[in-house]
Amino acid sequence: VTVRADRSAPEARTGELSQGPTVELLDPDAPAPGLTYMIGLGLGLVFFMSAVTFGTTIASSVVEEKQSRIVEILLASTSAKVLMFGKVLACSLLAFAQIGLTALSVLIGAAISGNDLVLGKVTEPIAWFIPLFIVGFVMIASLYAAAASMVSRTEDLGSTSSPIMMLIFLPYMAVILFSSNEAVMAVMSYIPFSAAVAVPMRVFLGTIEWWEPLVSLLILAVTTILALLLATRIFERSILQSGPKVSWKQALSRSKG
């Protein structure tokens, strides 16, 4: 076919006459890469921001009571273990309520708008995200309480809580960066600090066996119990310590002794 033009080629006409190849999709139901990235980013952001926000709230409360000597009055009527568990429980309930309302609003909005994508593919990942978040948050909250008990001033809180921040931030970034790598995501599913995001992502992508979320949840639950035991011992031995901050190494050695 020949197209004749006066001065310049008619791009629109040329495009109409062109013929593209036939494209056959081997997996037409595969999630779009952009959508996969956004879901991973959304879940990771919810987990990261909630853990840091409410964890910092617990830590600030512990340091404030310790700095003002109120903790000495509180410990006269209750034990350090009960005090720490009360703070962890209170902030955990607030975090759970926030996550529950967020998940409920997403599902209700999808139902009202008739968004089959959210109702069909995101419901199951959210259903796994909630229990993993609940167990994982208790672990992080207890560690924040232990970190706060090792300092006597708010200014020193960052030095003891920064390791916990890195334990949350690094897996969060790894899940975002390697969301398309099945091998890395499989490993991240069994790491307690990243399981809450990695497992729902693999459920969404359909690359996970039915038993793997249960194993991940079990590993996370065992790790949370160990973290609670460790945080309680550190809290009991550091909450009445005044003066210079206690390092994690010193706190761990004290907890063993």
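Thr154 and Glu64 share no donor-acceptor pair across their side chains, judged by distance under 3.5 Å alone.
Looking at every heavy atom in both residues, Val52 comes nearest to Thr56 through O-OG1, 2.6 Å. When every heavy atom of Ile219 is checked against every heavy atom of Thr223, the shortest pair comes out as O-OG1, 2.8 Å. Across Cys91 and Ile58, no two heavy atoms sit closer than the pair SG-CG1, 3.2 Å. Residues Ser92 and Ala141 share a closest heavy-atom pair of OG-CB, 4.4 Å.
In the hydrophobic clustering of ILVMFWY residues, with side-chain heavy atoms under 4.5 Å counting as a link, Val215 and Met139 come out together. Under a hydrophobic-cluster definition in which Ile, Leu, Val, Met, Phe, Trp and Tyr are linked whenever side-chain heavy atoms come within less than 4.5 Å, directly or via other members, Val187 and Leu205 are assigned to the same cluster. Both Phe193 and Met185 are assigned to one and the same hydrophobic cluster, defined by single-linkage of ILVMFWY side chains at heavy-atom distances under 4.5 Å. In this structure, Ile191 is a member of the same hydrophobic cluster as Ile140, with clusters built from ILVMFWY side-chain heavy atoms closer than 4.5 Å. In this structure, Leu157 is not a member of the same hydrophobic cluster as Leu167, with clusters built from ILVMFWY side-chain heavy atoms closer than 4.5 Å.
Atom-to-atom distance recorded for Met166:CE and Met173:CE is 10.5 Å, nearest 0.5 angstrom. Here CD1 of Ile225 is found 11.5 Å from OG of Ser142. Values are rounded to the nearest 0.5 Å.
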- Task: Apply side-chain contact (heavy atoms from CB on, under 4.5 Å) to Tyr144 and Val88, showing your working.
- Result: CA-CA 9 Å; Tyr144 263 106; Val88 171; over 6 Å; no
- Query: How far apart are the C-alpha atoms of Arg69 and Glu72, what are their side-chain angles, what is the distance that settles it, and do they pass the salt bridge (charged side-chain N to carboxylate O under 4.0 Å, His left out) test?
  - Reply: CA-CA 6 Å; Arg69 302 286 185 176; Glu72 298 178 5; 2.8 Å; yes
- Item | Test side-chain contact (heavy atoms from CB on, under 4.5 Å) applied to Val62 and Ile239, step by step | CA-CA 8 Å; Val62 172; Ile239 190 63; 3.9 Å; yes
- Task: Decide yes or no on side-chain hydrogen bond (donor to acceptor under 3.5 Å, both in side chains) for Ser152 and Gln67, but give the supporting numbers first.
- Result: CA-CA 6 Å; Ser152 301; Gln67 192 171 11; over 6 Å; no
- Message: Run the side-chain hydrogen bond (donor to acceptor under 3.5 Å, both in side chains) test on Lys87 and Ser61 for me, step by step, so that the C-alpha distance in whole Å, both residues' side-chain angles and the decisive distance to 0.1 Å come before the verdict.
- Response: CA-CA 8 Å; Lys87 291 182 178 298; Ser61 174; 2.8 Å; yes
- Query: Step by step, would you call Val199 with Glu212 a side-chain contact (heavy atoms from CB on, under 4.5 Å)?
  - Reply: CA-CA 8 Å; Val199 170; Glu212 290 187 84; over 6 Å; no
- Message: Go through it in stages, so that I can follow the logic: the residues are Lys81 and Phe235, the test is side-chain contact (heavy atoms from CB on, under 4.5 Å), and I'd like the CA-CA distance, side-chain angles, deciding distance and then a yes or no.
- Response: CA-CA 8 Å; Lys81 180 186 297 185; Phe235 191 88; over 6 Å; no
